Amino acid sequence: MSYFSNIFYGIKTLLTGMRVTGKYFLNSRKGAITQQYPDNRGILKMFDRFRGEVIMPHDENNEHACTGCQKCEIACPNGTIEIIWDRGLDEATGKKKKKIDQFVYHLSLCTMCGLCIDVCPTDAIEWGQNFENSVYDRTALTRVLNKPDSKIRPGVED
Amino acid sequence: MQETTTINNNFKSEEYFINMGPQHPATHGVLRLLLTIDGEIIKKVEPDLGYIHRSIEKMCERDSYQQIVHLTDRMDYLSSHINNEAVCLTVENALQLEIPERVKVVRTIIGELTRIASHCLWWGVMGMDVGALTTYFYGFRDREMINDIFEETCGARLTMNYNVPGGLMWDIHPNFVNRVKAFVKHFKTKIPEYDRLLTGNVIFQKRTKGVGVLSKEDAISFGASGPVGRGSGYSCDVRKYHPYSALDKVTFKESLQTAGDTFARYQVRIQEMWQSLSIVEQLIDNIPEGEHRVKTNAVIKLPKGEFYQKVETARGELGVYVISTGTKNPYRLKFRSPGFSNLSLLNHIAVGGKIGDLVATMATLDLVIPDIDR
Amino acid sequence: MTNEALQKLISSWFPNPEAGITPEPIQVSEGEGIAEPQEPINPSLLEFTEEGSQFLNVSVKPENLHELMTQLKASNETSFDYLFCLSGVDWGTALGVVYHLESTTYRHSIVVKVKTEDREDPNFDSVCDIWRTAEFHEREVFDFFGIKFHNHPNLKRLFLTEEWDGFPLRKDYVDEINMVIK
Amino acid sequence: MSIIEMVLIALVYLGIFSVAGLFLVLLERRVAAWFQLRIGPNRVGFQGLLQTMADALKLVSKELTGTEKADKFLYNLAPYFVIITALMALGVIPFTKDFQAFDINIGIFFLIAISSIGVIGILLGGWASNNKFALIGAMRSGVQTISYELSVGLSLLTMILLTRSLQLSEIVEVQKNGWLIVQGHIPAIIAFMVFMIAGTAETNRAPFDMVEAESELGAGFHTEYSGMKFAYFFLAEFINMFLIAAIATTVFFGAWLSPFGITESIPWLGVFWFLLKTLILVFLMMWFRWTFPRLRVDQLLTLEWKYLLPINLVNIVIMAFVVWQNLIIQF
């Protein structure tokens, strides 16, 4: 008799499974989880903390907050950040002071670990939400984060 | 490739080799298995590793302790948070840092969510390996919800690097609690669906019951841990025996099965999802207020000595063994990865089965290759 | 069992035949986590320490390794049936292997250490007949440290290719192209 | 029929069914997507209608690669075996009263015979590719098809006890008094279930896709095929699926006959009814595929020899009894 009960039990479990998929089939219109990516660029919004790339925000006076302390460069596990610095005259005090010449960021080396942003004492760098990083030339992934002729915001000290 | 011919009992039996991998759909990554097969029956399985070995242990010897944490994301990427936690706990224990309760609770919640996410993916892939492709998408749908929670709080979906020695990188996002509650509510209706779709299915049961049987003695001898060990009735949950973070404050049942076959390991994981949900539920309503981080020195120097920390990842027991000479880098850092030990028993349990059995068995070992090729 | 009881029991297995006579000075290399034993005369061939570690550490000479391991597993009082970690360590002058053992019945742990000064042809007895998990772990150690294990059924490189030159996790390994040193 | 006429009909059939096969592929992909909470192909053409056309075009333009030591002649021959037999079988399917290319008096027999030639193509393809995965796939296919042939044949034989004819047009004629699944009631329903299971296995579709079994064998017997030759295998699989559904429609569900004769006055609507019934059965097969795990090769044989075959044999006796005692339900 177990021969027949096996068959009926088997068919029952198969039908149970088909009911699950069948339910999804009928609700397929609203249940689809597909993101139609390039089309939904307009409404696609990344979370605030999303780690897309490291950026250095500048204010309207073209000023940033990077003092060139190089803590991020030391914290980086991969050598992603290179700071080329210089000594310049500080207008306020008239003393010689360290300032950044170029803040070089190699996106191609970056593992998005966030240690640089974590250690930055002046919050000069932060996460950008851009995630479309494909380029035709590898050199385009090496970026200088401080804008040309930008200077340090007054009042930012290390 | 070699060819061998063996003659047994006057029957000419031709064994042959096939290469399963490194680009085989069932090896879930770049694992290569050298199979000796007689017809359909597996005679020997020999794993060939190292296709993505990055020598993380060597890299750790030159990195500072903060930097090591992000490397562990890249080991078992499906339980990256738990890996991070393991390194952080090692460092914190070595420095004897007092970690705020809030950090412990949040770490545990995220750790259990990681486990659920990992098991969701495993469930989908398990179905796919035995031929039911639809499970993959259902598993991923639920995993996406967890990944969204992670992304909102940690900024990344997979390689989160949310732990730092001393606490968490940021405090949890204001939406975190609500999202987790919504997920728990959602997922409680989905596990029964998993059961209806796959667990109860007669074909699935025939495919998995009595396949790849691992006895308790062998499980211990092979160093099996996690669901693989527990499927054989070997009680090996690190969360029970060496509780870390907030796991000593919650009550949960260690899911044990005694059969030791593929179906038992499957059921252990399904039950683990329930248990993890219950842990999350117990903690989510009372996350204590407080600091999310204790200040550590910018350069962390561990005292001279040896430190060992075990945690339970989604795959089993992860051990971090640090030998410190008192400098800012570890002298030697060894990761005892669960996948490595679990892989070593594959030959033992797969021999005698068919190719289809091997695939089903491998699916329940739940190998993540970067975890093996550290 | 407590660490003291373990130490007492295990040391009784290997009585030092030279106990009472002046013990040989023990070589301690730099960067090693083990301090010199307190007593001037060690009654056992093994050395125990708990300093700088959460486990009881046992140092054993290579020739006694297999016997000790067999005892640790077989003895009803210790029954260390779970080898949860097997790591190779390059101590600078010496090469060594560290075994982390746990008993699934008593839930006590022990760390067994063995080392050799011979960097050209380091040899230990394999323990994979005692714990089968050691088979893969010993292959890993062989691959990265070049430590050979006697009686290992299948001792060949696991991660690296057969023709790989050198043993990457040794401290003196150099690879100027692929290794980035900070 | 003159030769020219035959050639013309053949060409028309070839044209229609190659395109129809492509749309079947599209249907499968959309249905799979809907089962799996996805959208499916929706970019090429309106709602992705031209997607498989584009795929076919791509496959045609692709380089044909093969293994070095393959048996070139057999390797090239294999895909044609598969596709030609699949298309040939379509010739006897009665789409409507006059839309049947070739109405022979041994119709059912012809269909069974022709559908078992296809497996030779698979065997050849797997053997000649000089690839072990392909060989395993081909051997599994041989085992599987030979076993399930029995069930397909026997379940159809059960129904032939009712129709007393092998000719497809006459089988349809009999059903004017009620579809055979109603006429034969219990044994007919059992025969239908057996036929659907065995038919799914005959076409090597999940849950019986041992031949391809992508998680075990990569791509199975067609691992080494690329471009158009792969497309032949792929298309043949879908045409075979259509065929199984069409045979089931003809034998169990009254072919082009409308339910209760509602559109009997408009004969060309028969095509509509036929396709509707067939596609419902095709959908059922897709539903199987996207729900069930795959069986193991020995379980496949257990299912056939221990379950389907005994059930079938008993079922024939029951059907014979039903026919003998005239317990047929007729309207």
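Basis for what follows: all heavy atoms, side chains included, without hydrogens, waters or symmetry-related copies. Sequence lines set the chain letters: A, B, ... in the order given, protein chains first and strands last, and positions in each chain run from 1. All values reported here derive from a predicted model rather than from experimental measurement.
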*Asks:* Would you check if the side chain of C:Q54 reaches a backbone N or O of B:F307 as a donor-acceptor pair within less than 3.5 Å?
*Replies:*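 No; judged by distance alone, with no hydrogens or angles, the pair does not exist.
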*Asks:* Once rounded to the nearest 0.5 Å, what's the spacing between atom CG of B:L345 and atom CD of C:E135?
*Replies:*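 Nearest 0.5 Å value for the CG-CD distance: 11.0 Å.
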*Asks:* Chain B heavy atoms under 4.5 Å from C:H100: which part of the residue, side chain, backbone, both or neither?
*Replies:*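 Side chain only.
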*Asks:* So which of B:R336, B:M59, B:E57, B:E46 has the biggest tally of heavy-atom pairs under 4.5 Å with chain C?
*Replies:*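 Most heavy-atom pairs under 4.5 Å with chain C: B:R336.
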*Asks:* Atom NZ of residue position B:K301 - does it have more than 12 heavy atoms of other residues, nucleotides or ligands inside 6.0 Å?
*Replies:*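 No, not enclosed.
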*Asks:* Please check if the number of heavy atoms outside C:D165 that lie under 6.0 Å from its CG is greater than 12.
*Replies:*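 At most 12 heavy atoms, drawn from other residues, nucleotides or ligands, come within 6.0 Å of this atom.
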*Asks:* What part of B:K58 is in contact with chain C, defined as an atom under 4.5 angstrom from a non-hydrogen atom: side chain, backbone, both or neither?
*Replies:*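 For B:K58, the contact with chain C is made by backbone and side chain together.
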*Asks:* With respect to chain B, which residue among C:A134, C:S109, C:G88 yields the maximal number of heavy-atom pairs within a distance under 4.5 Å?
*Replies:*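 Among the listed options, the one with the most contacts to chain B is C:G88.
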*Asks:* For the ring pair B:Y308 and C:F84, is the centre-to-centre distance below 6.0 Å?
*Replies:*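 Centroid separation for B:Y308 and C:F84: below 6.0 Å.
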*Asks:* Is it the side chain or the backbone of B:F335 that comes within 4.5 Å of chain C heavy atoms, both, or neither?
*Replies:*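 Contact with chain C involves no heavy atom of B:F335 at all.
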*Asks:* What are the two closest heavy atoms between B:S341 and C:T133, and how far apart are they?
*Replies:*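 For B:S341 and C:T133, the tightest heavy-atom pair comes out as OG-OG1, 3.7 Å.
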*Asks:* Only heavy atoms, only distances under 4.5 angstrom. Which residues in residues 364-374 of chain B are near chain C?
*Replies:*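 If one takes a 4.5 Å heavy-atom cut-off, the residues of residues 364-374 of chain B near chain C are B:I372, B:D373, B:R374.
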*Asks:* Working to the nearest 0.5 angstrom, can you tell me the gap between B:H53 NE2 and C:E140 CD?
*Replies:*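 So the gap between those two atoms works out to 6.5 Å.
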*Asks:* Between B:E61 and C:L169, what is the shortest heavy-atom contact and its length?
*Replies:*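 Where B:E61 meets C:L169 most closely, the heavy atoms are OE2-CD2, 4.4 Å.
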*Asks:* Return the CZ to CG distance between C:R157 and B:L49, rounded to the nearest 0.5 Å.
*Replies:*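 So the CZ of C:R157 and the CG of B:L49 are separated by 14.0 Å.
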*Asks:* Answer yes when C:R132 and B:E217 have at least one side-chain N-carboxylate O distance shorter than 4.0 Å, and no when they do not.
*Replies:*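 Here C:R132 does not pair with B:E217 in a salt bridge, since their nearest N and O are not under 4.0 Å apart.
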*Asks:* Under 4.5 Å heavy-atom distance to chain B, tell me which part of C:L160 shows up: side chain, backbone, both or neither.
*Replies:*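 C:L160 has no heavy atom closer than 4.5 Å to chain B.
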*Asks:* Please list all pairs passing the side-chain hydrogen bond (donor to acceptor under 3.5 Å, both in side chains) test where one or both residues lie in residues 252-261 of chain B, with sequence neighbours left out.
*Replies:*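 For residues 252-261 of chain B, and leaving out neighbouring residues, the side-chain hydrogen bond (donor to acceptor under 3.5 Å, both in side chains) pairs sorted by first residue read B:S235-B:E254.
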*Asks:* Given a strict heavy-atom distance threshold of 4.5 Å, which part of B:E317 is in contact with chain C: side chain, backbone, both, or neither?
*Replies:*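 The answer is the side chain of B:E317.
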*Asks:* Provide the closest heavy-atom pair for C:Y82 versus B:A224 in the form atom of the first, atom of the second, distance.
*Replies:*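 In this case the closest contact between C:Y82 and B:A224 is OH-O, 4.5 Å.
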*Asks:* Are the side chains of B:Y331 and C:K171 in contact, using a 4.5 Å heavy-atom criterion?
*Replies:*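 Yes, close enough: below the 4.5 Å cut-off.
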*Asks:* Check the surroundings of atom CD in C:E120: do more than 12 heavy atoms from other residues, nucleotides or ligands lie under 6.0 Å from it?
*Replies:*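 No, because the 6.0 Å sphere around CD of C:E120 holds 12 heavy atoms or fewer from other groups.
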*Asks:* Given heavy-atom pairs under 4.5 angstrom as the criterion, report whether the side chain, backbone, both or neither of C:T104 touches chain B.
*Replies:*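 C:T104 touches chain B through side-chain heavy atoms alone.
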*Asks:* What part of B:F222 is in contact with chain C, defined as an atom under 4.5 angstrom from a non-hydrogen atom: side chain, backbone, both or neither?
*Replies:*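 Backbone plus side chain of B:F222, per the 4.5 Å heavy-atom cut-off to chain C.
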*Asks:* With a 4.5 angstrom heavy-atom cut-off, which part of B:S55 approaches chain C: side chain, backbone, both or neither?
*Replies:*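 It is the side chain, since no backbone atom gets that close.
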*Asks:* Identify, with sequence neighbours excluded, every residue that meets ring-ring contact (aromatic ring centres under 6.0 Å, His included) alongside C:F136.
*Replies:*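 Partners of C:F136 by the ring-ring contact (aromatic ring centres under 6.0 Å, His included) criterion, ordered by chain and then number, come out as B:F340.
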*Asks:* Report yes or no: does B:K334 contribute a side-chain atom to a donor-acceptor pair with the main-chain N or O of C:C85 at less than 3.5 Å?
*Replies:*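 Not a single qualifying donor-acceptor pair exists.
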*Asks:* Does the Lys NZ or Arg CZ of C:R107 fall within the cation-pi geometry relative to B:Y241 - under 6.0 Å from the ring centre and within 45° of the axis?
*Replies:*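 Satisfied, under 6.0 Å and within 45°.
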*Asks:* List the residues meeting ring-ring contact (aromatic ring centres under 6.0 Å, His included) with B:H242, not counting sequence neighbours, and say none if there are none.
*Replies:*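 Result, ring-ring contact (aromatic ring centres under 6.0 Å, His included) vs B:H242: none returned.
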*Asks:* Is C:F159 close to B:D48 at the side-chain level, that is, under 4.5 Å between some pair of heavy atoms?
*Replies:*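 When only atoms from C-beta onward are counted, C:F159 and B:D48 do not touch, as no gap falls below 4.5 Å.
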*Asks:* Which heavy atom in B:I220 sits nearest to a heavy atom in C:D81, and how many Å separate them?
*Replies:*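 It is CG2-O, 3.2 Å.
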*Asks:* Given heavy-atom pairs under 4.5 angstrom as the criterion, report whether the side chain, backbone, both or neither of C:D143 touches chain B.
*Replies:*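 Looking at C:D143, nothing touches chain B.
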*Asks:* Does atom NZ (B:K328) have a neighbourhood of more than 12 heavy atoms from anything else shown, all under 6.0 Å?
*Replies:*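 Not more than 12 within 6.0 Å, no.
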